[in-house]
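All values reported here derive from a predicted model rather than from experimental measurement. One-based numbering along the sequence shown.
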Amino acid sequence: MLVYLNGKLVDKEKATISVFDHGLLYGDGVFEGIRCYDRLIFKLNEHIDRLYRSADAIELKMPMTKANMIKAVIETLKANALQDAYIRLVVTRGQGDLGLDPRKCKTPTVFIITDKISLYPKEFYQKGLEIITAKTKRNLAAALDPRIKSLNYLNNILAKIDAIKSGVEEAIMLTYNDYVAECTGDNIFIVRDGRLMTPPTDVGALEGITRNAVIGLAKKIGMPFREKMLKLEEVYSADEVFLTGTAAEIIPVTKIDKRRIGDGKPGETTPRLMEEFKILTKLDGVKYAL
Ligand code: PMP
């Protein structure tokens with residue numbers, strides 16, 4: 001496997017960075033997770049835009065243009081002869097000293113890993129996923145803007161540990177005042193009386209690319225949609241619940257905290273959106289030739 005590292009394609013074993021890199025020492029950096037379907041890099045421009053917005057929000061000056069970043073992603077996929085892939089694009093503050101001072105980091109570190117995607121088992125998409133509510137609360141949105149996709153994932157990891165301890169794969173994260181924010185690595189939607197709802201991002205959710213795509217699909221099929229602050233009770237009593245994310249795509253949720261959602265099956269709306277999403281993954285992105 002070849003990894004893009006600071007302008008060069010290097011063997012996986014040689015793709016190493018300094019222990020003084022602030023991405024490692026402080027989680028000081030930004031990243032993206034991107035999917036590639038049959039040589040179509042899904043929503044690549046949207047991911048690149050979010051990466052540059054995240055970098056701007058932490059005052060990290062990107063060392064290359066968006067066009068060159070796109071070229072680097074394609075170059076890495078081609079070098080690994082991948083048609084379907086999960087792409088991890090990471091930009092750290094770079095190598096500094098042991099202090100926090102980002103001015104000591106002269107050059108950002110850029111790396112791109114392209115790998116095979118590991119998915120939730122197929123049956124979860126048919127039967128639905130069981131999740132829990134994490135006891136770990138979401139970071140305060142006023143303290144750390146949730147729209148920044150930073151390398152600081154400890155808040156999410158602690159909630160993921162809550163999920164694992166309960167024997168499930170995902171967990172809902174609540175805000176300090178008990179509104180639903182999102183899951184550890186996915187956004188959350190509910191359907192009630194044919195209406196689609198998701199929490200606004202400023203409660204503490206990442207503005208997911210898949211989330212935005214689903215909102216677009218709802219408009220396309222004429223389904224009413226709105227952002228709404230949701231309490232857990234509204235999620236429990238929803239007709240349908242599903243999660244969205246680059247890796248998970250759209251996945252139905254049929255049990256939360258051992259409570260059955262709707263009739264315990266994925267319902268009608270979620271599979272409909274899953275179908276529409278599948279069509280979109282064949283159309284909306286940047287195509288390349290191997
Ligand atoms: N929320 C969090 C915390 C995430 O890490 C992710 C991405 N894995 C998402 C939501 C979904 O975002 P996207 O659809 O852009 O992958």
Side-chain angles (χ1 to χ4, degrees), residues 1-37 39-98 100-119 147-154 156-157 160 185 206 208-210 245-247 285-286 288 290:
M1 182 202 285
L2 291 168
V3 174
Y4 176 98
L5 178 60
N6 297 326
K8 291 195 189 91
L9 285 165
V10 295
D11 251 356
K12 180 182 168 183
E13 286 71 26
K14 295 201 174 115
T16 54
I17 61 168
S18 164
V19 292
F20 289 93
D21 194 296
H22 279 208
L24 174 64
L25 288 176
Y26 298 114
D28 186 0
V30 293
F31 78 101
E32 281 297 318
I34 312 170
R35 273 295 271 284
C36 177
Y37 298 90
R39 285 173 290 112
L40 184 115
I41 313 168
F42 185 61
K43 299 258 183 200
L44 179 59
N45 288 313
E46 287 81 349
H47 280 284
I48 297 292
D49 285 347
R50 185 172 67 183
L51 180 75
Y52 279 68
R53 273 202 309 275
S54 294
D56 193 46
I58 68 163
E59 299 192 30
L60 190 163
K61 198 174 170 319
M62 293 292 271
M64 59 208 277
T65 62
K66 287 184 181 179
N68 283 336
M69 189 64 90
I70 288 173
K71 271 191 200 151
V73 169
I74 295 174
E75 193 191 335
T76 315
L77 284 164
K78 282 185 170 183
N80 290 291
L82 286 166
Q83 308 204 16
D84 293 277
Y86 180 81
I87 304 157
R88 176 58 57 90
L89 176 40
V90 182
V91 184
T92 79
R93 189 78 64 182
Q95 189 176 330
D97 64 16
L98 291 180
L100 291 178
D101 192 346
R103 292 171 303 183
K104 299 278 170 64
C105 308
K106 296 297 175 206
T107 323
T109 303
V110 180
F111 60 89
I112 304 168
I113 307 168
T114 55
D115 204 352
K116 296 219 168 62
I117 173 96
S118 72
L119 300 166
R147 282 165 302 190
I148 302 171
K149 198 165 166 63
S150 85
L151 294 177
N152 263 287
Y153 256 55
L154 209 46
N156 310 56
I157 290 165
K160 178 85 178 180
L206 181 74
I209 305 286
T210 321
T246 293
V286 172
Y288 64 95
L290 278 179

For this session: Indicate the atoms forming the closest heavy-atom contact of Asn152 with Gly27, along with that distance.
Result: ND2-O, 3.1 Å
Exercise. If you measure from CG on Leu60 to SG on Cys105, what distance do you get to the nearest 0.5 Å?
Worked result: 9.0 Å
Seminar exercise, completed: Closest heavy-atom pair, Ala72 versus Ile112, reported as atoms and distance to 0.1 Å, is CB-CD1, 3.7 Å
Exercise. If only atom types and distance count, is the side chain of Tyr153 paired as donor or acceptor with the main-chain N or O of Gly185 below 3.5 Å?
Worked result: no
For this session: Using the test side-chain hydrogen bond (donor to acceptor under 3.5 Å, both in side chains), find all partners of His22 that sit at least two apart in sequence or belong to another chain.
Result: none
Exercise. How many angstroms lie between atom OH of Tyr4 and atom CD1 of Ile113, to the nearest 0.5 angstrom?
Worked result: 13.5 Å
Exercise. Does Lys43 have any side-chain hydrogen bond (donor to acceptor under 3.5 Å, both in side chains) partners at least two apart in sequence or in another chain, and if so, which?
Worked result: Asp284
For this session: Determine the sole option in Ile41, Ile209, Leu51 for which the side-chain contact (heavy atoms from CB on, under 4.5 Å) test with Ile34 is passed.
Result: Ile41
For this session: For Val91 and Pro108, work out which heavy atoms get closest and say how close.
Result: CG1-CB, 4.0 Å
Problem set entry | Under the ring-ring contact (aromatic ring centres under 6.0 Å, His included) test, residues paired with Phe20 that sit two or more places apart | none
Exercise. Can you list every pair that meets salt bridge (charged side-chain N to carboxylate O under 4.0 Å, His left out) and has a residue in residues 69-92, with sequence neighbours left out?
Worked result: none
Seminar exercise, completed: To the nearest 0.5 Å, atom CG of Leu290 lies from atom CG of Leu77 at 8.5 Å
Problem set entry | Minimal non-hydrogen separation, Ile87 against Cys36, with atom names | CD1-CB, 4.2 Å
For this session: Could you walk me through whether Thr114 and Leu2 pass the side chain to side chain contact (heavy atoms under 4.5 Å, CB included) test, one step at a time?
Result: CA-CA 8 Å; Thr114 55; Leu2 291 168; over 6 Å; no
Exercise. Who pairs with Asp49 by side-chain contact (heavy atoms from CB on, under 4.5 Å), at least two apart in sequence or on another chain?
Worked result: Arg53, Lys66
For this session: Report the residues that fulfil side-chain contact (heavy atoms from CB on, under 4.5 Å) with Asp97, sequence neighbours left out, ordered by chain and then residue number.
Result: Lys104
Exercise. How long is the gap from CE on Met1 to NZ on Lys116, to the nearest 0.5 Å?
Worked result: 8.0 Å
Exercise. Taking the side chain as C-beta and beyond, is there a heavy-atom pair between Gln95 and Lys106 under 4.5 Å?
Worked result: no
Problem set entry | Main-chain N/O of Glu13 paired to Asp11 side chain as donor or acceptor, under 3.5 Å | no
Exercise. Which residues pass the side-chain hydrogen bond (donor to acceptor under 3.5 Å, both in side chains) test with Tyr26, sequence neighbours left out?
Worked result: none
For this session: May I ask you to check whether over 12 heavy atoms, not counting those of Arg39, lie within 6.0 Å of atom CZ?
Result: yes
Exercise. ring-ring contact (aromatic ring centres under 6.0 Å, His included) with Tyr288: which residues, sequence neighbours excluded?
Worked result: none
Problem set entry | Non-neighbouring partners of Leu206 that pass side-chain contact (heavy atoms from CB on, under 4.5 Å), sequence neighbours left out | Arg50, Lys149, Glu182
Problem set entry | Set of side-chain contact (heavy atoms from CB on, under 4.5 Å) partners for Thr109, sequence neighbours left out | Leu5, Asn6, Ile17, Asp21, Thr92, Phe111
Exercise. Can you tell me how far CG of Leu151 sits from CG of Leu24, rounded to the nearest 0.5 angstrom?
Worked result: 10.0 Å
Problem set entry | Leu25 and Val19, any side-chain heavy atoms less than 4.5 Å apart | no
For this session: Rounded to the nearest 0.5 Å, what's the gap from CG on Leu100 to CZ on Arg93? Could you check?
Result: 10.5 Å
Problem set entry | For Gly245 against Thr210, the heavy-atom pair lying closest together | C-OG1, 3.1 Å
Exercise. Hey, are the side chains of His47 and Phe42 touching, using non-hydrogen atoms and a 4.5 Å cut-off?
Worked result: no
For this session: Can you sort out the partners of Asp115 under salt bridge (Lys or Arg N to Asp or Glu O under 4.0 Å), two or more places apart, ordered by chain and number?
Result: none
Exercise. Which heavy atom in Ser54 sits nearest to a heavy atom in Val30, and how many Å separate them?
Worked result: CB-CG1, 3.6 Å
Problem set entry | Val110 and Met69: CA distance, side-chain angles, deciding distance, side chain to side chain contact (heavy atoms under 4.5 Å, CB included) verdict | CA-CA 9 Å; Val110 180; Met69 189 64 90; 4.1 Å; yes
